[in-house]
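Reading through the structure tokens given below for one structure.
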Amino acid sequence: MSVVDKREENSASVRVRFAPSPTGHLHIGGARTALYNWLFARRHRGVFVLRLEDTDLERSTEEAVRQIIDSLRWLGLDWDEGPEVEGGFGPYRQTERAGLYRRAAERLIAEEKAFYCYCLPEELEAERTRARAAGRPVVYQGRCRGLSEADAQKLKDEGHRPAIRLKTPTAGKTVVHDIIRGAVEFDNAQLGDFILVRSSGTPTYNFAAAVDDASMKITHVIRGDDHLPNTPRQLLLMEALDLEPPKYAHLPLILGPDRSPLSKRHGDVSVDEFRSRGFLPEALRNYLALLGWSLDDKTTFFSTEDLVGKFSLERVGCTAAVFDTGKLVWMNGHYIRNMDERRLAGQIEDYVKRTRLAGLPGKAGRPRVPELTPLVQEKMKTLADFVILTDFFFLPVNFEEKALARLKSAERAVEILKATAEILSSLPVFDAESLEVSLRAAASRMSVKVGKFLEPVRIAVSGKAVTPGMFETLSVLGREKSVNRIKAAQQLLQSPGSNQD
RNA sequence: GCCCCCAUCGUCUAGUGGCCUAGGACACCGCCCUUUCAAGGCGGCGGCGGGGAUUCGAAUUCCCCUGGGGGCACCA
């Protein structure tokens with residue numbers, strides 16, 4: 001810890017940002033990007049900025065803003081500047097920064113580093129199609145770059161609304177010094193004079209991102225791999241604007257099981273969905289941290305403090321990673337087993353409330369979550385498992401097909417159930433210890449192994465083949481319900497219709 | 001078509017020229033423990049995409065190929 005602290009001293013000025021476009025839920029890939037940014041900021045005692053890239057008016061929604069903010073909060077990734085907290089470099093929505101982009105664009109025009117382009121989208125599209133067909137590079141040909149004053153005026157008079165393009169160097173290379181990948185070279189000629197401002201007056205992604213990263217004094221841009229080809233454009237822009245560029249780190253993508261980029265096709269991909277499925281934020285953080293980053297060859301579990309203390313971009317890998325839900329489930333189970341029992345009970349209560357699952361516990365006369373939690377804690381892998389494991393405490397017995405078959409074919413089941421009902425009815429103290437003593441004794445009297453003895457009891461009382469420990473289960477279920485259910489099962493077995501083959 | 005990125009067990013990864021007959025984790029398969037199921041313990045299966053080159057020596061360096069991915073938008 002002290003080693004870390006020492007090194008922090010001179011990196012106190014780190015500023016990073018997470019810049020989602022609010023067009024949907026927070027995607028698991030975005031969550032990892034946010035996490036890495038957050039870790040990097042915390043690790044260097046820097047500032048984590050949340051910026052909304054909402055320049056696409058068509059697709060951006062307030063609903064999406066809400067969801068992204070909720071998901072980030074739930075994940076525990078708090079931002080120092082951004083929506084709802086503000087800060088000295090705001091506003092933090094690009095739609096509210098229009099003046100900034102306009103001034104930058106005007107300056108570039110005035111300095112003749114950018115120009116108005118009157119080409120129609122359809123014309124450009126046609127040209128691209130031609131270029132592709134002819135095997136030529138698909139780059140803007142610079143038609144309006146050298147437009148004369150007179151021609152420009154004429155087009156303007158005809159009512160054409162121009163876009164603004166950057167004059168990109170036609171020769172030379174732009175090199176991106178990526179922290180994760182090293183130097184990556186791009187031919188300037190391949191870049192083309194890209195659009196800065198749409199004819200509608202709104203800035204494009206590259207323009208807004210470059211202006212904002214610089215004006216917000218971002219020191220490290222940590223983002224997805226898919227932005228690597230954009231980086232030379234942003235670099236060129238900052239150069240034209242005479243702005244100090246940040247350092248860049250491009251994270252490899254997250255893939256689905258079929259090795260294509262993770263998307264809705266692969267099922268649950270939003271943080272919100274993982275929350276609904278009963279995953280813990282600390283488990284998701286731990287799993288996501290390891291999806292692309294590692295400390296060494298053996299450390300798997302990291303508390304958030306560990307992560308903050310040990311995370312580094314240098315140890316982020318270059319390879320795209322497949323998202324393995326199975327491993328997340330396992331890790332979540334580990335966190336559940338190791339959680340303080342009372343805290344877990346609280347989480348379960350919140351979860352059940354939030355998801356409104358069947359068998360809502362807690363009504364008068366029913367067992368409460370804190371009472372049930374210790375019975376199922378070590379069996380749960382997600383919070384959702386709680387309901388699956390304990391529903392029979394709240395609901396009438398609903399026999400699972402497999403369990404019913406097993407009950408019917410169990411040896412001496414009727415005899416066992418009868419004996420158990422008698423014991424339960426007459427037990428002076430109805431608690432787990434007494435139950436264990438007397439039921440073990442009964443099994444031994446009947447020369448039946450305890451496991452075999454308990455099987456029909458388990459199924460009678462729960463309708464399931466799998467339950468928490470039987471003695472604890474009976475004791476929490478209570479004498480009356482236990483006896484009633486056992487007697488009911490006994491009758492079921494003895495009724496004429498229950499013959500089986 | 002052009003530009004760029006990537007390549008170790010099924011999956012996540014360690015590995016930065018000899019410590020590697022390649023280590024760990026998930027999954028899978030056995031065994032143990034056990035009141036079921038989990039959990040836990042022990043063991044097993046399983047990998048450096050291919051070809052050249054450099055070197056006394058390559059998972060590790062270079063080149064080519066192959067495969068995967070991203071970009072080439074008035075989307076972000």
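Below, chains carry the letters A, B, ... as their sequence lines are ordered, and counting in each starts from 1.
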Counting side-chain heavy atoms from C-beta on, which of [options] comes nearest to [X]?
{"X": "L454(A)", "options": "C74(B), U35(B), A25(B)", "value": "U35(B)"}
{"X": "R440(A)", "options": "U35(B), A76(B), C4(B)", "value": "U35(B)"}
{"X": "R181(A)", "options": "C6(B), A38(B), U11(B)", "value": "C6(B)"}
{"X": "F186(A)", "options": "C3(B), C6(B), A76(B)", "value": "C3(B)"}
{"X": "L228(A)", "options": "C5(B), A76(B), U11(B)", "value": "C5(B)"}
{"X": "V322(A)", "options": "U11(B), A7(B), A14(B)", "value": "U11(B)"}
{"X": "V450(A)", "options": "C12(B), A14(B), U35(B)", "value": "U35(B)"}
{"X": "P261(A)", "options": "C37(B), C74(B), G70(B)", "value": "G70(B)"}
{"X": "K327(A)", "options": "G70(B), C26(B), C6(B)", "value": "C26(B)"}
{"X": "K381(A)", "options": "A76(B), G10(B), A38(B)", "value": "A38(B)"}

### Message
Does any part of the side chain of D258(A), heavy atoms only, come nearer than 4.5 Å to the side chain of R265(A), both counted from C-beta?
### Response
yes
#### Entry: Close side-chain approach of T61(A) and T23(A), heavy atoms under 4.5 Å
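In short, these two side chains do not touch, never coming nearer than 4.5 Å.
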Which part of the nucleic acid does [X] contact within heavy-atom distance under 4.0 Å: base, sugar-phosphate only, or nothing?
{"X": "R132(A)", "answer": "base"}
{"X": "A321(A)", "answer": "sugar-phosphate"}
{"X": "Q190(A)", "answer": "sugar-phosphate"}
{"X": "R315(A)", "answer": "sugar-phosphate"}
{"X": "G224(A)", "answer": "nothing"}
{"X": "G451(A)", "answer": "sugar-phosphate"}
{"X": "D56(A)", "answer": "sugar-phosphate"}
{"X": "T55(A)", "answer": "sugar-phosphate"}
{"X": "V138(A)", "answer": "base"}
{"X": "R337(A)", "answer": "sugar-phosphate"}
{"X": "E125(A)", "answer": "nothing"}
{"X": "F453(A)", "answer": "nothing"}
{"X": "I195(A)", "answer": "base"}
{"X": "C119(A)", "answer": "base"}

### Task
Starting from P on G23(B), measure out to CG on D296(A) and report it in whole angstrom.
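Taking atom P of G23(B) as the reference, CG of D296(A) is at 16 Å.
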### Query
Aromatic rings W330(A) and F301(A): how do their planes relate, parallel, tilted or perpendicular, breaks at 30° and 60°?
tilted
### Query
Where does the angle between the aromatic ring planes of Y101(A) and F207(A) fall among parallel (under 30°), tilted (30 to 60°) and perpendicular (over 60°)?
tilted
Counting only side-chain N and O atoms of [X], is one of them less than 4.0 Å from OP1 or OP2 of [N]?
{"X": "R233(A)", "N": "A76(B)", "result": "no"}
{"X": "R165(A)", "N": "C74(B)", "result": "yes"}
{"X": "S200(A)", "N": "C74(B)", "result": "no"}
{"X": "R259(A)", "N": "U11(B)", "result": "yes"}
{"X": "R128(A)", "N": "C2(B)", "result": "no"}

Nearest-angstrom distance, [atom1] atom, [N] to [M]:
{"N": "C56(B)", "M": "G17(B)", "atom1": "C1'", "answer": "12 Å"}
{"N": "G68(B)", "M": "C26(B)", "atom1": "C1'", "answer": "23 Å"}
{"N": "U13(B)", "M": "C72(B)", "atom1": "C1'", "answer": "33 Å"}
{"N": "C28(B)", "M": "G10(B)", "atom1": "C1'", "answer": "9 Å"}
{"N": "C12(B)", "M": "A27(B)", "atom1": "P", "answer": "15 Å"}
{"N": "G40(B)", "M": "A25(B)", "atom1": "P", "answer": "12 Å"}

Under 6.0 Å from the six-membered ring centre of [Y] and within 45° of its axis: does the NZ or CZ of [X] meet both?
{"X": "R285(A)", "Y": "Y287(A)", "value": "no"}
{"X": "R165(A)", "Y": "F115(A)", "value": "no"}
{"X": "K379(A)", "Y": "F386(A)", "value": "no"}

### Query
W293(A) or T300(A): which one's nearest nucleotide on RNA chain B is closer to the 5' end?
W293(A)
Which nucleotide, if any, forms a Watson-Crick or G-U wobble pair with [N], using both distances under 3.5 Å?
{"N": "A7(B)", "answer": "U66(B)"}
{"N": "U54(B)", "answer": "none"}
{"N": "C2(B)", "answer": "G71(B)"}

